[in-house]
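Some notes on the structure that comes next.
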Amino acid sequence: MDNNGFLRLKWARDHMPVSAKIRERFLREKPFKGIKISMALHVEAKTGIFALLLSEGGADVRLASCNPLSSDDSVVESLKNDYNYKVYAKKGETQEEYYSNIEKTVEVPPDIIIDDGGDLTNLVSERHELVKNIIGGNEETTTGVVRLKAMEKAGALKFPMFDVNDAQMKHFFDNRYGSGQSALDGFMNATNILLAGKHVIVAGYGYVGKGVAMRLKGMGSNVTVTEVDPVKAIEAVMDGFNVDTMNNAIRYSDIIFTATGMKNVVSYDDMLVAKKSIILGNVGHFNNEIDFDGLSKRSINKTQVRNMVTEYKLENGNTINLISDGRLLNLAAGQGHPVEIMDLSFALQALTAEYIVKNKGKLEKKVYPVPEEIDIDVAKIELEALNIKIDNYTEDQLKYLNSYTEGT
Ligand code: ADE
């Protein structure tokens, strides 16, 4: 077997300076000694380095994927063979394999869970014998946080969970610059199609949509944003984008990226009126943003036209192309977010997990924000890694900040 996975892990490790700094301390202090951590994350090189970081901090870690199509098999093999790691994942899992692999991460009841999208959280929540052992957990992504907040509202949240997605050092960078780059990486890898001059829809103008739209503009695409939020729609207009409804924009667009966290954003009826041979890709967590079910049931023919692209013929004769079955193309067809971006996100994850251990027994069954000091800590370590100095307020300025009488 080649050593691709080992080298990918090494490349990631060599470009994750924030994790490296945290590793120095974790190796000394072993904050996770005696702690079992179960994780459902996209199993690729950066995630591997994160999992190893937790083990280096003393944790007993079990890792599965949070998406049936996003694992990097070479990394899985290297984690198993070179690092003797408990990892249960492969690219192209069936639905059954996917859930059974997540299940394997909780064969020994974990103290902490780290989730991306909410499937592990749901599984643990349904089992009293697992719930009673949990100190707390982290959630990585927007979709998972939406599910957590719904659980909290319904009184169904059974243990403390931290919303890592909304930490500043996460969504400002991972959602925007990470998705902006990896969505284009996945698209280009899947299609080899030119973006310059194309009419491209970005569905959703949250941080992910903003990042994708910004990078498409840089590539010379004519970007149309679709939104349901009037404020975000105006933001898109003022950022210089065309704004339209999906059912209209799909008639004149060549490509769509969905980034909403909502189901059926591109409905089968939209596809019927789409520009011929439009290419559809999804950047959101679940594969329901593009109506894959409708497409599977109502299309009359399908042909795999490239490794990651399927062409569907619709009942009215129209054709559309779908990338990676509507699964998030950043990972299913690309390499995931850039290394330096995941370094920040996983640094937040690591420090928040450490916070959970330190606060064992003091946390409630709530969705907590990442403590501000962790956000600031990660930002400071990153600045240090980039060798960038910033100013500090003087004593006099601090006094001014707290005074309400001093004017000029
Ligand atoms: N690599 C590992 N986790 C990822 C995520 N949530 N998004 C993109 N790339 C990733």
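Only this structure's heavy atoms are used, side chains among them; waters, hydrogens and symmetry mates stay out. Counting starts at 1 for both ligands and their atoms, in listed order.
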Next on the checklist: Testing the basics here: between T226 and D244, what is the closest heavy-atom pair and its distance to 0.1 Å?
Outcome noted: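 Distance-wise, the nearest heavy atoms are CG2-O, 3.3 Å.
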Next on the checklist: Minimum heavy-atom separation for V283 and A183, please, with both atom names.
Outcome noted: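 Looks like CG2-CB, 4.0 Å.
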Next on the checklist: So that I can tick it off, tell me whether R13 and E56 are bridged by a salt bridge, with the cut-off set at under 4.0 angstrom between side-chain N and carboxylate O.
Outcome noted: yes
Checklist entry - What part of L331, side chain from CB on, backbone N/CA/C/O, both or neither, has a heavy atom under 4.0 Å from ligand 1? => result side chain
Next on the checklist: Just to be sure I read this right, does ligand 1 sit under 4.0 Å from the backbone of N330, its side chain, both, or neither, counting only heavy atoms?
Outcome noted: neither
Checklist entry - Is there any N or O on H337 that sits under 3.5 Å from an N or O of ligand 1? => result yes
Any luck finding a side-chain donor-acceptor pair between [X] and [Y] under 3.5 Å?
{"X": "T121", "Y": "D115", "value": "yes"}
{"X": "Y177", "Y": "E340", "value": "no"}
{"X": "E140", "Y": "Q349", "value": "yes"}

Could you find the nearest protein heavy atom to [atom] and give me its residue, atom name and distance?
{"atom": "atom 3 (N) of ligand 1", "value": "M342 CE, 3.4 Å"}
{"atom": "atom 2 (C) of ligand 1", "value": "E44 OE2, 3.1 Å"}
{"atom": "atom 5 (C) of ligand 1", "value": "H42 CD2, 3.5 Å"}

Checklist entry - Looking at S65, S71, S70, which hits side chain to side chain donor-acceptor pair (under 3.5 Å) with H42? => result S70
Counting from 1, what ligand 1 atoms have a heavy atom of [X] closer than 4.0 Å?
{"X": "T47", "value": "2 (C)"}
{"X": "D116", "value": "6 (N)"}
{"X": "G336", "value": "9 (N)"}

